[in-house]
Amino acid sequence: MDAAQSRPAVSLLRNPKTRSVVYQIALCALVGYLAYLAISNAAENLARAHIAFGREGFRFWDQTAGFDISQTLIDYSMKSSYGRAFWVGLLNTLLVAGLGIVFATILGFAIGIARLSRNWLVARLAGLYVETIRNIPLLLQLLFWYNAVLKALPEQLADSIHVPGGGYLNRRGLFLPQPVFGEGIGAAVLAFVLGLAAAVALRVWAKRRQERTGVRPPIVGAILALVIVPPLIMLAASGFPISFSFPQPGRFNIQGGIEVLPEFMALLFGLVIYTAAFIAEVVRAGLAAVSRGQVEAAHSLDLTKNSSLAVAIGYPDLVQVFAGTVLNQTGQAVEVITLTMAVYLTISLFTSLLMNVYNRRVALVER
């Protein structure tokens, strides 16, 4: 007799798999019911307060904002809509998060290597940095950079600090030369994109050949040539259509160039220095043969979410603009907070996706 036929029949109620499915269905139903009660209760309370809810609650999106924003990466004025203000705040958040992740990774990698240095002084200084920065609250560090460092800069234009390269630094911000692109720059950008695509294809080919033969071709020089040489050729052919608009002291303020707000600098410095301390420990552990990919991804996500502390120093990020000013003016708390939470969730999931793809690319292939 077959072994499967000799087993006694088990009732559905005593089957562990069946019970597991039933429990999960019951839990989902309970959660759904509780969510329904919460939404219904919120709708009733908002209706009593004469506040629109649901589809009607998003009508504020196209209404005139009526307030100004200190830093905008796209066109915006007081006559713009609340929806435009949302995109301004989102782009400001992505800007500080993107730059912060890059600089924090570089600094954290350097500090992590320094912690393993054979030089006693270098290793101890790196350890002091990590232990000190990690144990000081991030909000306190942001306030330190904003109030104790940047607010202590000269206020008068005549006392502005000259930055190498034609820039100025004072209490109002950092003023840097602004690149001005002329005709022909598009061809150089296209050449760079095509060269980058070719470099990626070359790297994929080299990795597949290494997996197949065990020998990795030397491709570093070829990749650099593909990325650098074509754009330089196109720039030379078009007469290098790049010039700079240098900031000049005006009557009341510095005119021209790119203005970097002190709020932006304080937020970026604080996030980079704070997050780099954690990344440094991850790198040190990674060099000690501990997998570091997923932890680095987690710290990258933390930096993006920690940027919401920008409201404490007045930087116009998504929380300060949308979940702050827009919420106060429209009163649509549910819609505004829901959108804000959705944005941070999307950014976190997208960053995690990119890090997971990168981890799979660089993972060692077992033979």
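Scope of the values below: all heavy atoms of this structure, side chains included, with no hydrogens, waters or symmetry mates. Note that the coordinates shown come from a computational prediction; the quantities given were computed from them, not determined experimentally.
When side chains are defined from C-beta on, R209 does not count as touching V215, because their heavy atoms never get closer than 4.5 Å.
No side-chain donor-acceptor contact under 3.5 Å links Q63 to the backbone of S81. Of the possible polar contacts, one joining the T93 side chain to the L318 backbone as a donor-acceptor pair under 3.5 Å is found.
Residues L99 and L142 share a single hydrophobic cluster, defined by chaining ILVMFWY side chains whose heavy atoms lie under 4.5 Å apart. V204 and L196 are assigned to two separate hydrophobic clusters, defined by single-linkage of ILVMFWY side chains at heavy-atom distances under 4.5 Å. In the hydrophobic clustering of this structure, F264 groups with L73; members are Ile, Leu, Val, Met, Phe, Trp, Tyr whose side-chain heavy atoms approach within less than 4.5 Å, directly or through other members. In the hydrophobic clustering of this structure, I258 does not group with F244; members are Ile, Leu, Val, Met, Phe, Trp, Tyr whose side-chain heavy atoms approach within less than 4.5 Å, directly or through other members. Residues F246 and L169 are members of separate hydrophobic clusters, defined by side-chain heavy-atom contacts under 4.5 angstrom among Ile, Leu, Val, Met, Phe, Trp and Tyr.
Salt bridge absent: R208 and E211 never bring a charged side-chain N and a carboxylate O closer than 4.0 Å. Ion pairing of E259 with R172 is absent here, as no side-chain N (NZ or NE/NH1/NH2) approaches a carboxylate O to less than 4.0 Å.
Here the straight-line distance linking atom CG of L95 with atom CG of L90 works out to 11.0 Å at 0.5 Å rounding. In this structure, CZ on R59 lies 11.0 Å from CD on Q332, to the nearest 0.5 angstrom. To the nearest 0.5 Å, atom CG of residue L267 and atom CD of residue Q320 are 11.5 Å apart. Considering CZ of F269 and CZ of F144, their distance stands at 11.5 Å, rounded to 0.5 Å. Interatomic distance, I111 CD1 to L116 CG, rounded to the nearest 0.5 Å: 12.0 Å. For the atom pair OG of S245 and CG of L176, the computed distance is 11.5 Å after rounding to the nearest 0.5 Å.
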With side-chain contact (heavy atoms from CB on, under 4.5 Å) as the criterion, how do I161 and Y168 come out once you've worked through the C-alpha distance, each side chain's angles and the decisive distance to 0.1 Å? CA-CA 6 Å; I161 301 174; Y168 295 90; over 6 Å; no
Evaluation steps, side-chain contact (heavy atoms from CB on, under 4.5 Å), between L345 and L349: CA-CA 6 Å; L345 177 61; L349 292 178; 4.0 Å; yes
Pair I74, R84 - check side-chain contact (heavy atoms from CB on, under 4.5 Å), show working. CA-CA 9 Å; I74 57 177; R84 191 71 172 181; 3.7 Å; yes
Go through the steps for I101 and T275 under the test side-chain contact (heavy atoms from CB on, under 4.5 Å), then give the verdict. CA-CA 8 Å; I101 289 174; T275 309; over 6 Å; no
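In this pair, W61 and F322 present their aromatic rings perpendicular. The plane angle is above 60°, beyond the 30 to 60° band. Ring geometry for F58 against F60 counts as parallel: the plane angle stays under 30°, on a 0 to 90° scale with 60° as the upper cut.
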All N/O donor-acceptor pairs, side-chain side in residues 221-243, below 3.5 Å, sequence neighbours left out:
unit_1: S238; atom_1: OG; unit_2: M234; atom_2: O; d: 2.9
unit_1: S238; atom_1: OG; unit_2: L235; atom_2: O; d: 3.2

Identify every side-chain donor-acceptor pair in residues 34-43 under 3.5 Å, counting partners at least two apart or on other chains, and give the distances.
unit_1: S40; atom_1: OG; unit_2: Y36; atom_2: O; d: 2.8

Side-chain donor-acceptor pairs under 3.5 Å in residues 119-129, sequence neighbours left out?
unit_1: N119; atom_1: OD1; unit_2: L121; atom_2: N; d: 3.0
unit_1: N119; atom_1: OD1; unit_2: V122; atom_2: N; d: 3.1
unit_1: Y129; atom_1: OH; unit_2: I273; atom_2: O; d: 2.8

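Minimum interatomic distance between V149 and W145 (heavy atoms only, all atoms of both residues): CB-O, 3.4 Å. Of all heavy-atom pairs spanning L174 and V163, the tightest one is CD1-CG2, 3.8 Å. Contact between P316 and S70 at its shortest, heavy atoms only, is CG-OG, 3.5 Å. Taking every heavy atom of both residues into account, F109 and I279 meet most closely at N-CG2, 4.4 Å. For the pair P247 and G167, the tightest heavy-atom approach, listed with the atom from each and the gap, is CG-CA, 4.3 Å. Here the closest heavy-atom approach between residue Q329 and residue F67 is recorded as NE2-CD2, 3.6 Å.
A donor-acceptor pair shorter than 3.5 Å can be found between the side chains of E263 and Y146.
For R134, the CZ atom is densely surrounded, since the number of other residues' heavy atoms within 6.0 Å is greater than 12.
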